[in-house]
Q: 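Let me begin by handing over the structure; questions about it come next.
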Amino acid sequence: GENVEQHPSTLSVQEGDSAVIKCTYSDSASNYFPWYKQELGKRPQLIIDIRSNVGEKKDQRIAVTLNKTAKHFSLHITETQPEDSAVYFCAASRRSQGNLIFGKGTKLSVKP
Amino acid sequence: GAVVSQHPSWVICKSGTSVKIECRSLDFQATTMFWYRQFPKQSLMLMATSNEGSKATYEQGVEKDKFLINHASLTLSTLTVTSAHPEDSSFYICSERGLAGANEQFFGPGTRLTVL
């Protein structure tokens, strides 16, 4: 089955700096890669996603890149703000199955 | 996106009792819903896929007789934790895909279960 590895487990940056979180997956049939932000005690919120037919996607300060050959994808947050502090999860799935396999999460702390 | 509700938002029970958690899709007819469990400071782990009108598909290592899933209608899936024990204390979250065949999943607000 699918296995998703996520690094780093914790990340601390200064406000205004960029943050990068990386994930690798094992199942070459996976074709959907979302990123979720989860605040303490709350549900995961989808912040951006990418499908396997696209190499990069951007939404304001957030971007995701996908390298299908190497089976890895990354989340990039630019101009970080204190409200970006949360736990971020990457995930992978096959569209046909729908169930998400999550990475272990990255706790991002943005210091003012 | 789809709107998913869960009830209750939190529950405390004694060891040995059973607890039912409801997951409702408020705006889509969800033929498939997913149940995840999240222990403190850990990731979300898929427990089972709930299929309307048929048996749920459980992930390896999840006891189907302990975690009973019923998906009797297109808007409601229930998870019953039977004979709960302290090690079952966790955050249980359901999700659904919204449009049939869509990739994006929408999560419920979660249920915090504490077993004393």
Side-chain angles (χ1 to χ4, degrees), chain A residues 1-10 21 23-25 27 29-54 57 59 64 66 73 86-109, chain B residues 1-7 9-10 21 23 25 28 30-52 56-62 69 77 90-114:
Chain A
E2 176 65 278
N3 182 50
V4 178
E5 299 283 341
Q6 182 172 347
H7 299 282
S9 56
T10 60
I21 303 170
C23 288
T24 60
Y25 61 99
D27 186 353
S30 289
N31 53 14
Y32 175 65
F33 308 93
W35 285 89
Y36 288 88
K37 175 183 180 181
Q38 187 180 31
E39 297 176 346
L40 191 62
K42 304 235 177 124
R43 77 185 87 189
Q45 297 277 5
L46 178 70
I47 56 172
I48 196 166
D49 58 11
I50 192 166
R51 288 160 176 78
S52 59
N53 58 346
V54 175
K57 184 177 178 180
D59 183 4
V64 57
L66 171 66
F73 55 112
V87 179
Y88 291 81
F89 292 99
C90 63
S93 79
R94 296 187 192 184
R95 179 174 179 167
S96 59
Q97 294 178 345
N99 53 297
L100 294 171
I101 305 301
F102 285 85
K104 293 193 174 181
T106 297
K107 184 176 182 180
L108 174 64
S109 300
Chain B
V3 180
V4 181
S5 71
Q6 270 184 253
H7 177 81
S9 55
W10 59 271
I21 302 169
C23 177
S25 175
F28 279 102
T31 56
T32 302
M33 287 183 167
F34 303 96
W35 285 96
Y36 295 85
R37 179 169 55 183
Q38 186 177 32
F39 292 110
K41 296 186 179 182
Q42 293 190 25
S43 187
L44 287 84
M45 297 296 294
L46 179 67
M47 299 177 66
T49 301
S50 171
N51 302 299
E52 188 267 336
T57 304
Y58 290 82
E59 294 299 301
Q60 192 172 11
V62 178
I69 291 173
S77 175
S90 188
F91 193 47
Y92 292 86
I93 313 177
C94 66
S95 72
E96 59 117 330
R97 294 170 75 171
L99 293 172
N103 284 119
E104 187 172 349
Q105 283 193 28
F106 302 92
F107 286 88
T111 297
R112 174 76 57 194
L113 170 63
T114 302

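We name chains A, B, ... by the order of the sequence lines, and we start the count at 1 in each one.
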Q: Please report the shortest heavy-atom distance between A:Q38 and B:I93, naming the atom on each side.
A: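 Nearest pair, atom of A:Q38 first, then B:I93: NE2-CD1, 4.3 Å.
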Q: Would you mind checking which part of B:Q38 comes under 4.5 Å of any heavy atom in chain A, side chain (CB onward), backbone (N, CA, C, O), both or neither?
A: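 B:Q38 touches chain A through side-chain heavy atoms alone.
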Q: Quick check for you: to the nearest 0.5 Å, what is the distance between B:K41 atom NZ and A:K104 atom NZ?
A: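 The NZ atom of A:K104 is 15.5 Å from NZ of B:K41, to the nearest 0.5 Å.
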Q: Sub-3.5 Å donor-acceptor pair from the side chain of B:S43 to the main-chain atoms of A:G103, do we have one?
A: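 Flag set: sc B:S43 to bb A:G103 pair under 3.5 Å.
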Q: Tell me, side chain or backbone of B:F91 under 4.5 Å from chain A's heavy atoms, or both, or neither?
A: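 Contact with chain A: side chain only.
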Q: Is A:P44 in contact with chain B via its backbone, its side chain, both, or neither, using a 4.5 Å heavy-atom distance?
A: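 It is both, since atoms from each part get that close.
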Q: Measuring from A:N99:CG to B:L46:CG, what's the distance to the nearest 0.5 Å?
A: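 Going from CG on A:N99 over to CG on B:L46, the span is 5.0 Å.
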Q: Just do the side chain to side chain contact (heavy atoms under 4.5 Å, CB included) check on B:Q105 and A:Y32 with the steps written out, would you?
A: CA-CA 11 Å; B:Q105 283 193 28; A:Y32 175 65; over 6 Å; no
Q: Among B:P109, B:S95, B:P40, which residue forms the greatest number of heavy-atom pairs with chain A at distances under 4.5 Å?
A: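 Winner by heavy-atom pair count: B:P109.
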Q: How far apart are the closest heavy atoms of B:F107 and A:L100, and which atoms are they?
A: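 Closest heavy-atom pair between B:F107 and A:L100: CZ-CD1, 4.2 Å.
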Q: Please find the pair of heavy atoms, one from A:F89 and one from B:L44, that lie closest to each other, and give the distance.
A: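 For A:F89 and B:L44, the tightest heavy-atom pair comes out as CE1-CD1, 4.3 Å.
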